[in-house]
Amino acid sequence: MKKSVFLGALTVAGLAAGAGFAGTLDDVKARGTLNCGVTTGLTGFAVPDANGVWGGFDVGICRAVAAAVLGDPMAVEFVTTTGSTRFTALASGEIDLLARNTTWTFSRDVDLKFTFVGVNYYDGQGFMVPRDLGVSSAKDLDGATVCIQTGTTTELNLADYFRTNNISYEPVPIETNAEAQQQYLAGACDVYTTDASGLAATRATFEAPGDHVLLPEIISKEPLGPLVRHGDDEWSDIARWTLNALITAEELGVTSANIAELSAGTNNPEINRLLGTEDELGAKIGLDADWAMNAIMAGGNYGELFEKNIGENTPIGLARGLNAMWTEGGLIYSPPFR
Amino acid sequence: MTMLDDPRMSTPNVAPKKGFKLSQLIYDTRYRSITIQVIAMILVLMGLYWLVNNTIQNLSALGKDFDFGFMTQPAGYDINQRLIEYTSQSSHGKAAMVGILNTVLVAFLGCLLATFLGVIAGVLRLSKNWVVSQLMAVYVEGFRNVPLLLWIIAIFALMTESMPQPREFKAGGDASMAVFDSVAVTNRGVYVPGIVFENGFLGSAVMNWVLLGAILIASLVLIRIVRRRADVVQEATGVRPTTWYQQLALLVIPVGIVMFLMGAQFQYPYIKGFNFTDGIHLRNSLIALWLALSLYTGAFIAEIVRAGILAISKGQSEAAAALGLRPNRTMNLVILPQAMRVIIPPLISQYLNLTKNSSLAIAVGYMDVRSTLGGITVNQTGRELEGMLLMAAFYLIVSLLISGVMNIYNNRTQLQER
């Protein structure tokens, strides 16, 4: 008798395990925390502070989604991933959202079965070399030893770039940014290549950042954005529109400073819809009415997140460039909240 | 009424006339083991079914299929250490092959060096010289009790941080090459002179080396025949003919002639641009992995060798001494051949360990099969399941091959009982 109960339980477990990843939103709500995949540490994008609290531009996305879904920006479980472990972590359900300067490509979207919910940083691959190497162009790098994070698009771009320019190089594959930094500073490689934003962030942590130059060539398009698994549209909508809420907030001038005042109601219907005082966007997406307000309050709007973590007044000092609002000549653009 | 209550059962001579009862499956010792085996079999099969079914359902939930077609797609990435021709346009299958050869290379080199170190350390640890035996104890305990990964990273970091950069070898730099300007020790690895063939018989360099290897093996077979003949003469007359010059000639002359005909030349590394060119580049990752694997496994082998030697009764060495054999001959001719019978079985598992531990290569970016097939390929194609299965199959096959070969050797060294 007991045996048949056991066997029955086994069968049920087998069926349940096959049920898949449909209800990510329900899982997150039931768990009470959002499992968010981030880098193992990249200054400005995702790095824990002295108290172990994660902060940064990518972390800001995690916190915004957690605030939108759970009402608490701190309800995030950060899971560190390397370039080669991130996709397995997301596909296996270990994390609900991957916000780890990941390039949106055809094969990752279509073949690896992920859904990119937008672009939070338009980037391109660059090269960093020590100034005293006397190199002024990537085309002078024939025969150089190049440190490269393995499992990234940069690895493939690099192979293509050197092949099309008919020059040779010696790749040194590396798992994390910290390792790459150590190898590069020790001179075990002449060049470090990754996304230009990552190079700037890495250089900012050097003792003498001025001794290193970024070469003028940007050899690829690297639209970086958060991503979720294929097949759960409800969840991907939440992640997509949380990012869009941050962008729209900047466009409409909603900041973490004036949001409390604006949430009382304004005469701009789009702000009202965004902040939940008009229409019922929250109910339609399966969240509370103040979901977008919570997301914006978590770390500010898109522009605030940018300036606070990686902007020109930080040691990383990245200009908005392509990442300016579309109204200011950049590419950052959100579909309307309607 | 159960069988035990049946009065006829108390007399063993009387066979039970009743028909088969279901409870006999559990209470009758004739059937019980079969019952247990059948139940265990069913459980195992159900477990397997659950695993496979779970995998299929989850794959379909993710919208993925199970397909090895990616192995023929272009890999798109470059590999620094390759023993066969490979470019970023080669297939993922070729990239896996490059990785497999790199794994085999480091495992082979590691097994050789580990055996060498282990035998020496094991013998020396039994030395009557206190300093020597204590030094060996420190080596064994030091390497055996610290995780292998730490040794790999420590050696790698030491090489990277403390050796000079290649550009310091340029005119006016601080560093200079060792051994008559032929070897450069840099923080990117060690550059040693290589041998190139000006006019090789076969198309590729690899095939020329294979040819040389074949000739070398033929020479070794001939040397064995010469030794056998010497054995026969020694058995018959008691005097062993001097054959060392024949052996040396057989070893050197055929290979030498072929190399001369192919126009073998030393090719010295020299600095050009960012790096040294020509010669053979032993990368830091290879050196760190190789040394760490060898030193670590060597410590275990040392203990195995020591155990093997201690297993030989003292009477053997006393008898050898009584015959007038010197200590080193006693060790080589009497003790070690017998100790081998004890040493080889555990040695096999050390070789297997070393081979499997070589997958720690990922820590220092050595491009073994774990880094190419199991790392970059899996990551770029999203074929985790397929990649991991292929890798498991590879390690399984290699391990079975190693233990197969070693078991043949083991059977030959075992005591021949008549």
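Proteins come first, then strands; the chains are lettered A, B, ... in the order of their sequence lines, and each starts at number 1.
In this structure, B:R188 and A:C189 approach most closely via the heavy-atom pair NH2-C, 3.7 Å. When every heavy atom of B:F274 is checked against every heavy atom of A:L133, the shortest pair comes out as CE2-CD2, 3.6 Å.
Here A:Q183 contributes atom CD and B:N284 contributes atom CG; the two are 7.5 Å apart, rounded to the nearest 0.5 Å.
A 6.0 Å sphere centred on OH of B:Y27 holds no more than 12 heavy atoms belonging to other residues, nucleotides or ligands. Within a 6.0 Å radius of NZ in A:K29, other residues, nucleotides and ligands contribute more than 12 heavy atoms.
Heavy-atom distances place both the backbone and the side chain of A:S84 under 4.5 Å from chain B. Proximity to chain A is limited to the backbone of B:T381, based on heavy atoms less than 4.5 angstrom apart. Both the backbone and the side chain of A:L156 come within less than 4.5 Å of a heavy atom in chain B. The contact between B:M367 and chain A is made entirely by side chain atoms (from C-beta outward), counting heavy-atom distances below 4.5 Å. Contact of A:N157 with chain B is not made at all, since no heavy-atom distance falls under 4.5 Å. Contacts between B:F156 and chain A at a heavy-atom distance below 4.5 Å involve the side chain alone, from C-beta outward. Of the atoms belonging to A:I148, not a single heavy atom falls under 4.5 Å from chain B. Interface residue B:Q165: only side-chain heavy atoms are found under 4.5 Å from chain A.
Between chain A and the residues B:R383, B:H281, B:M163, the most heavy-atom pairs under 4.5 angstrom are made by B:H281. The candidate from A:P173, A:G143, A:A159, A:A188 with the greatest count of non-hydrogen atom pairs under 4.5 Å with chain B is A:A188. Listed options B:T55, B:T377, B:I376, B:I56 were ranked by heavy-atom pairs under 4.5 angstrom with chain A; first place goes to B:I376. Ranked by heavy-atom pairs under 4.5 Å with chain B, the first of A:T88, A:I174, A:T145, A:D142 is A:T145. No other option in B:Q380, B:M159, B:E161 has as many heavy-atom pairs under 4.5 Å with chain A as B:Q380.
At a threshold of 4.5 Å between non-hydrogen side-chain atoms, the residues A:D190 and B:N275 count as touching. Side-chain atoms of A:F87 and B:V378, non-hydrogen and from C-beta on, never get closer than 4.5 Å to each other. Counting heavy atoms from C-beta outward, B:R167 and A:D132 have side chains that approach closer than 4.5 Å.
For a heavy-atom cut-off of 4.5 Å, chain B lies close to A:D111, A:L112, A:K113 in residues 104-114 of chain A. For residues 65-81 of chain B, heavy-atom neighbours of chain A at less than 4.5 Å comprise B:A75, B:G76, B:Y77, B:D78, B:I79, B:N80, sorted by residue number.
In terms of the side-chain hydrogen bond (donor to acceptor under 3.5 Å, both in side chains) criterion, residue partners of B:D368 (sequence neighbours excluded) are, by chain and number, B:S371. For A:E170, the salt bridge (Lys or Arg N to Asp or Glu O under 4.0 Å) criterion is met by B:R283, not counting sequence neighbours.
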